[in-house]
Amino acid sequence: MPPMAYPKVTSAHNAGNVPASPRFPEIETQVLDYWKKDGTFQASIDNRDAGRDGENEFVFYDGPPFANGLPHYGHLLTGYVKDIVPRYQTMRGKRVERRFGWDTHGLPAELEAMRQLGLKTTDEIAEMGIDKFNAASRASVLKYTGEWRDYVTRQARWVDFDNDYKTLNPDYMESVIWAFKTLHDKGLVYEGFRVLPYCWQDETPLSNHELRMDDDVYKERQDPAVTVGYALDATGEDEVLDGAHILIWTTTPWTLPSNLAVMVGSDIDYVVVEGPVPGTDATAKYVLAEARLAAYQKELFPEAEEATVLGRYKGSELLGRTYQPPFSYYAGHANAFRVVAADDAVTTTDGTGVVHTAGAFGEVDKEITDRENIEAVMPVGKDGRFTAPVVDYAGVQVFDANLQIIDHLKAVTRGTAGGSVTAGTILLRRESYNHSYPHCWRCRQPLIYKGVSSWFVEVTKIKDRMLELNQQIRWVPEHIQDGQFGKWLENARDWSITRNRFWGSPVPVWKSDDPAYPRLDVYGSFAELERDFGTLPKDAEGNPDLHRPYVDDLVRPNPDDPTGKSMMRRVSDVLDVWFDSGSMSFAQNHVPFENEEWFQHHFPGDFIVEYIGQTRGWFYTLHILATALFDRPAFSSCISHGIVLGSDGQKMSKSLRNYPDVNEVFDRDGADAMRWFLMSSPILRGGNLVVTEQGIRDSVRQVMIPLWNSWYFFQLYANAADLETTGSTTSKDPLDRYVLAKLRDYVAEMTSAMDDYYVAEACEATQRFIDVLTNWYIRRSRERFWNEDKAAFDTLYTVLETVTRLVAPLLPLTTEEIWRGLTGGRSVHLADYPVVGDLPADGDLVARMDAVRAVCSSTSALRKARKLRNRLPLGGLTVVGADIAGFEEIVADEVNVKSVRLLAADSDEAGTYGIEQRLAVNARAAGPRLGKDVQKAIKGAKSGDWSVDESGQVVAGGLALVEGEYTLETVAGAATDDIAVSMLGTSSGAGGFIVLDTVVTPDLAAEGLARDLVRAVQQARKDSGLNVEDRITLSVTGSETVRQAATTHAELIARETLATTYDVVDSLDGNPVDLGDGEKAQIAVAKA
RNA sequence: GCGCUUAUAGCUCAGACGGUUAGAGCACCACACUGAUAAUGUGGGGGUCGGAGGUUCAAGUCCUCCUAAGCGCACCA
């Protein structure tokens, strides 16, 4: 063992043993173990001072996932961003606390609990006991927290699980009820009525989300559709309309007993026609949209071609007319049974152009009846069965009641008794109607729309302010601001925040149970509750707990009731989970009960990230509450990323197995590979991403292996050289200075991209730099490392150390291994992010070196075109008009020529190489002046119809061009057998060209063969398993030409192959190997 | 039905302000190079820039309409 060879690889597992072909997943788990033992994460926070008033803190909000399932790619994707940004900010010197959060309340947890407990209805829940039920809900929602922790840890995401927040914690819930009370005090909450899709089987309203849960939620269903005529009241003002029957069409006959109004479109044309009353000899007048007349030909004018129109009316002319409702249950209902306008809701594509509305059984219905001051009625119980006052069908499930209702309508139409159907009501048509209808995703029963009482946040009142505050938020991608989010805000409606359920934060409202002595109290803290009730809500163990049923136990006499009989009882609702998560920005820190001072300095938070759909979810609810409570935005920057798709471009689906298994990817390619794959994609700019195994492997191949190989190369030679280095940026070597200057540019790119949250751009910049590092700097500098050039080691050390810090957020595990191996330090994540000032700038050098690369590239192309293999040395290369002064040797070596000459573009000699000038018309400049003629000039320039006279006047296509309207470019002209000419492609070499001497002299040919021999011997060495430093004995033979070359260049061959004895012999056994020029050789290699 | 986003090579994407031979990376093929490299270099095949109109001297780029996809909203009486 050499004494303390450099680098000091500190990880015990690989001291002096850096693998050439690393198994990244193994390295990753070792790094993860190290972090765990070392407490690196905590140190990365503790190391950074919060500063005065926490001014040095970067506040990151971790959106709480609902963890009743395992994490998938979407969570991992978000998780990577949630890790990268805080890591970067930490390295930039900020203190970044990262508390994990859990969304714990709500219907999904309850449904899981119901499933486990075998419960079907809310009555069964109440029967079993809310305490037991909620305990089961709590357990179900925390079931997967362990798995989540494993996944998140494995993906190398640093987040504090021990100090997490949960929406079910008493502190969190206290902040939530504080928010409710504050909104109430500001007049921003009210109690109202909300129409929701409702499952009568499971006795629960469904959220919009649940309606989209499955593709087969909307299923074809056949319902009876009826067309019913209501008798308009006579006004005596219009004998055509008086007594006419206004025709409505509905697919939910069961809503007819609750009819409250009929809706027409103001601009729709309606007609009154006379037609038969079905099942009788009588006739009646009917009102319907003219556009729908033809659809009712069979019923209205079975004999005639056309109906006899008795009168025509615009919808607006019908408004206000009253009619006899089809059922008498709600006779006398205030403001009801009128024709009202609903211009957006009424169409003439189906039915009659008149829509019956039942208030509480449709969203639009509710909106219209509210507008018309018609109070909604609800004769349907939570089990979907009729209740009072609909006595005829009481206890009948609404879908079952359809047929009875139709029978009764039919009977009354024919003049016989039909329950409570109003006499004079006409059932004109009964049909079956197929339509797409929502079903419960759990029990598969058809849903009904049903009004339920709810509390609302009056978002419409603060909408304008929300739009203003949105302008203060930085969105990635930018179009979200005024696009998806801005548009959503513009159309914001009041937010229903309560659910008639069990497992959630309570609505902190207590009401008097006697309407004779009304009183309403809202509570916003434990202390207020204790003050009024003399005790806190406490769970079975006596701990304060705001959950039901404990909070429901707080009851006290109504102070406003002198009789002392009525009691203050809590309303039974709980808050919607979105109210919980929208409260996260303050509730996670128990604001305002604690941390109020800190909060003032750290609100809005600096950064959040979630998928784009959260513009109507978490982003939205955070924004509502921040605006309403604090008049600020909740966050100042937000990335909303796209959707992760399966390998077939479809949504990821467990059953289709169209995506690589997460754990398999971790085990085979590693978490960093997945991180790179996701982060370098357009998904953070709002695009979608198709996940494929190939894509993940490509990131290993294109980024991680080259980076690792650079490190492997460095440590291999550094250990062999037994050098000490601490890095330096002072090397005078041009390649060193070049790579350092490039590194400086790269630092600037990274800082700018990361500051702007353009993670994919950072990945791109990294790939470009790694290419410069491996395929130019290291490749060109190998000899200096073999020669133990300290400046080269110092430079490469500096570059690798800097690059690992730059890339640390993007590849945290891999860079940790390399950086610690390099420096022996504790962790790259405790280091500071590089700054440009650490590195020397040299724009001129960078430009020249880029020109060098262009020269080499063009020369290779010439060799290729002339079939001149690279090992064959050529006499000379002339570089014209490209500034590569000082790099002639690099070029000579790289392209294997004996000499490199530089010529000025305007030198006489340059003119001898068959170089031509080309005219390019600058259309942007010439176009506006010449108009149409510019096309002639362009044509002329292209076809060669142009000239320059002595005064420098340029004429193209017969048109004189002025300065700035054209550029004269130099192009390669005809080549000869002896020279090849090529233009330089890059901007740094624009206008320049190279001239390659292609004459192969016998000397050059011999040297080429000698080099072929060297190569053949090297291959033979490798094939026989010799080490790099092993000495050999070598014999070669071949044709006269080969033997000649082998003898002439004996010294070169012996030196390059480390041959201690070297003989050119007349004959040898063994297979011949191919050399260039069609020659073959036989060689014998043995270890000396 | 409405809105947002997207549509460019087999794949993933760039292509300010309109400017005349539409680029990159990956993949593929050939050749070359190779004692850090599962690498690398050079060349090549591959495009009616989703379609149709229009504006303009000039359109991948601007306008109109259409088509397709993703997302969202609404509707589903």
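Computed from a predicted structure; not experimentally measured. Just so it is clear: chains get the letters A, B, ... in the order the sequence lines come, proteins before strands, and each one is counted from 1.
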Applying the Watson-Crick and G-U criteria (both distances under 3.5 angstrom) with [ ] for crossing and | for other-strand pairs, one obtains for RNA chain B (((((((..((((.....[...)))).(((((.......))))).....(((((..]....))))))))))))....
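What separates CZ of A/Phe677 from C1' of B/C11 is a distance of 11 Å, to the nearest Å. Atom CH2 of A/Trp254 and atom P of B/A77 are 11 Å apart (whole Å). If you take CG of A/Leu862 and P of B/U42, they are 12 Å apart, rounded to a whole angstrom. For the pair A/Leu1075 CG and B/A32 C1', the interatomic distance rounds to 16 Å; values are reported in whole Å. The interatomic distance linking A/His641 (NE2) with B/G70 (C1') rounds to 15 Å, in whole Å. One atom, CD1 of A/Ile612, and another, P of B/A69, lie 19 Å apart when rounded to the nearest Å. Between the P atom of B/C75 and the CE atom of A/Met263 lies a distance of 11 Å, rounded to the nearest Å. The CZ atom of A/Arg863 sits 13 Å away from the P atom of B/A32 (whole-angstrom rounding).
Annotation: B/G70 and B/G10 have their C1' atoms spaced 22 Å apart (nearest Å). A gap of 31 Å separates the P atoms of B/C66 and B/G47, to the nearest Å. Rounded to whole Å, the separation between the C1' atoms of B/G51 and B/A69 comes to 15 Å. As rounded to the nearest Å, B/A68 and B/U21 have C1' atoms that lie 31 Å from one another. Here, B/C62 and B/C17 have their P atoms 7 Å apart, quoted to the whole Å. Nucleotides B/G43 and B/C49 place their P atoms 26 Å apart, quoted to the nearest Å. Nucleotides B/G18 and B/A59 have their P atoms positioned 13 Å apart, rounded to a whole Å. Taking the C1' atom of each, B/C73 and B/G60 are spaced 31 Å apart, rounded to whole Å.
Here A/Arg779 pairs with A/Glu894 under the salt bridge (Lys or Arg N to Asp or Glu O under 4.0 Å) rule; sequence neighbours left out.
When only modelled atom types and interatomic distance are considered, A/Asp771 and A/Gln767 share no side-chain donor-acceptor pair under 3.5 Å. If you check the side chains of A/Thr252 and A/Thr255, you find a donor sitting under 3.5 Å from an acceptor. Counting only N and O atoms by type, the side chains of A/Asn470 and A/Trp475 include a donor and acceptor under 3.5 Å apart. Counting only N and O atoms by type, the side chains of A/Thr615 and A/Tyr620 include no donor and acceptor under 3.5 Å apart.
Taking the side chain of A/Trp249 as heavy atoms from C-beta on, and the options B/U42, B/A77, B/C71, the nearest nucleotide is B/A77. For A/Lys487, counting side-chain heavy atoms from C-beta on, the closest listed nucleotide (B/G3, B/G72, B/A32) is B/G3.
For the pair A/Leu1034/A/Ile1053, a side-chain contact is recorded, criterion being any heavy-atom separation below 4.5 Å from C-beta on.
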How does protein reach along nucleotides 34-41 of chain B, written 5' to 3' as B (base within reach of a heavy atom under 4.0 Å), S (only sugar-phosphate), or - (no contact)?
-> BBBBBSSS
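A/Leu877 contributes atom CG, which lies 4.5 Å from atom OG1 of A/Thr859 (distance to the nearest 0.5 angstrom).
Relative orientation of the A/Phe713 and A/Tyr717 rings is tilted, given thresholds of 30° and 60° on the angle between their planes.
A salt bridge is defined here as a Lys NZ or Arg NE, NH1 or NH2 lying under 4.0 Å from an Asp or Glu carboxylate O, and A/Arg768 with A/Glu749 meets this definition. Between A/Lys487 and A/Asp482 there is no salt bridge, since no side-chain N of the basic residue sits under 4.0 Å from a carboxylate O of the acidic one.
Where A/Val355 and A/Gln767 each meet RNA chain B at their nearest nucleotide, the meeting point lying more 5' is that of A/Gln767.
Between A/Arg616 and B/C73 there is a side-chain N or O to OP1 or OP2 distance below 4.0 Å.
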